[in-house]
Amino acid sequence: MSVKIFDRPETKSFLETVSGLDKAGGNPRVKQVVHRILSDLYKAIDDLNVTPDEYWTAIAWLNEIGASGQAGLISPGLGLDHFLDERLDAIDDALGIKNETPRTIEGPLYVAGAPVSTGYARLDDGTDENGHTLIMHGTVFKADGTPFAGATVEVWHCDTRGFYSHFDPTGKQAPFNMRRTIIADENGRYKFQSIVPHGYGVPPGSPTEQLLSALGRHGQRPAHIHFFVSGADHRKLTTQINIAGDPLVNDDFAYATRDGLVPDVVERSDEASIKANNLKGPFAEITFDIHLTPLVNGVDNQINEQRKRAAA
Ligand code: DHB
Ligand code: FE
């Protein structure tokens, strides 16, 4: 039996009561947002004839997502992180700001407090036996196009099993493995040695995976490397590069792939290149320059400091 009660005046006034709109106290913005989201939800329940069993299945799933700390994992999977990026792009378009290096999602696996060095860092501790050596480097540029000496390049990525340090279910990795902060040198250059990461998958059997499966989707990401890049009088850039050639480059469950963020990976096996990088054998090389954008009226209009991030 399908019934419709959303349009009743009683429902409308009930939604206002539930959202506190008939009271003076509380936070007006929270009231506004809760009222809108609850209204959309009530209407969806009514329109789709959602059964109590379906409703309570959803509540149990929400409890599981919360208990496993996976709200930040399913959020990109549902495209919300990418949608927020598209909105920031649209705001920048309206302001006339060009993002020469595109932004893309942060993901849920950043950890604050990585070791800091100037110009160069080794990211991996050498224990990932399947790792293929990676040399990645480039120049950070200011909004005026000049090299950005002293810019901060925070970089993090996973190992060849797709596990990040601090979130490794096997407990195998040392703290801050494959996480570093590099201060760009006097020419604005950064460089690091690490291993080429492999793709990442959401935890098997997790509530995140359960929902994706119910949508007929996978929970895999192509191999990628995360960056926060910042510097005085510029906006902080959150971005990632994908490893070119990964079969999932255009099939990312988190929708982070963007034009301009899939740099070439060049295999080097000649002696001169190997020696120049103090290596013992062949390696992969990625060159990637990063362009920052200016503050807007003196402030970073995109900063999201309220986001909860792990501190070591
Ligand atoms: C997820 C994991 C990542 O490594 C990432 O970059 C983005 C999202 C996730 O599990 O949702
Ligand atoms: Fe990631």
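Ligands are counted one by one from 1 in listed order, and the atoms in each one are counted from 1 as well. Counting from 1, the numbers follow the sequence of the chain as shown.
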Check: Thr104/Arg258 side-chain N/O donor and acceptor closer than 3.5 Å: no

Any His226 heavy atom less than 4.0 Å to ligand 1: yes

Charged N-O contact under 4.0 Å between Glu106 and Arg309: yes

Heteroatom N/O/S of His226 within less than 2.8 Å of the Fe ion (ligand 2): yes

Ligand 1 to Glu106 polar contact by distance, N or O atoms, under 3.5 Å: no

Exercise: do Asn177 and Asp159 side chains pair donor with acceptor under 3.5 Å: no

Nearest-contact summary for atom 2 (C) of ligand 1 - protein heavy atom, Å: Tyr200 CE2, 3.2 Å

Any donor-acceptor N or O pair under 3.5 Å, side chains Thr170, Arg161: yes

Residue Tyr164, metal the Fe ion (ligand 2), N/O/S under 2.8 Å: yes

Close approach, Gly77 and ligand 1, non-hydrogen under 4.0 angstrom: no

N, O or S of Cys158 under 2.8 Å from the Fe ion (ligand 2): no

Heavy-atom nearest neighbour in the protein, as seen from atom 1 (C) of ligand 1, with distance rounded to 0.1 Å: Pro108 CD, 3.4 Å

Region of Phe253 engaging ligand 1 - heavy atom pairs below 4.0 Å: side chain

Side chain Asp300, main chain Gln302, donor-acceptor under 3.5 Å: yes

Residues Asp47, Lys43; criterion salt bridge (Lys or Arg N to Asp or Glu O under 4.0 Å); working and verdict: CA-CA 6 Å; Asp47 286 348; Lys43 185 159 169 41; 3.2 Å; yes

Exam field: side chain His218 to backbone Phe253, donor-acceptor pair closer than 3.5 Å: no

Atom 4 (O) of ligand 1: the protein heavy-atom neighbour that sits closest, reported with distance to 0.1 Å: Tyr164 OH, 3.0 Å

Residue portion contacting ligand 1 (non-hydrogen atoms closer than 4.0 Å) for Leu109: side chain

Stepwise ring-ring contact (aromatic ring centres under 6.0 Å, His included) check, His137 with Tyr120: CA-CA 9 Å; His137 57 90; Tyr120 170 87; over 10 Å; no

Close-contact set for ligand 1 against Pro76 heavy atoms, below 4.0 Å: 8 (C), 11 (O)

Pair Phe176-Trp156, ring-ring contact (aromatic ring centres under 6.0 Å, His included): steps then yes or no: CA-CA 9 Å; Phe176 293 113; Trp156 69 104; over 10 Å; no

Stacked cation flag Lys172 on Phe163, 6.0 angstrom / 45 deg: no

Ligand 1 contacted by His224 (non-hydrogen, < 4.0 Å): yes

Nearest neighbour in protein (non-hydrogen) for atom 6 (O) of ligand 1: Arg221 NH1, 2.5 Å

Residue, atom name and distance, where the atom is the protein heavy atom closest to atom 11 (O) of ligand 1: Leu73 O, 2.8 Å

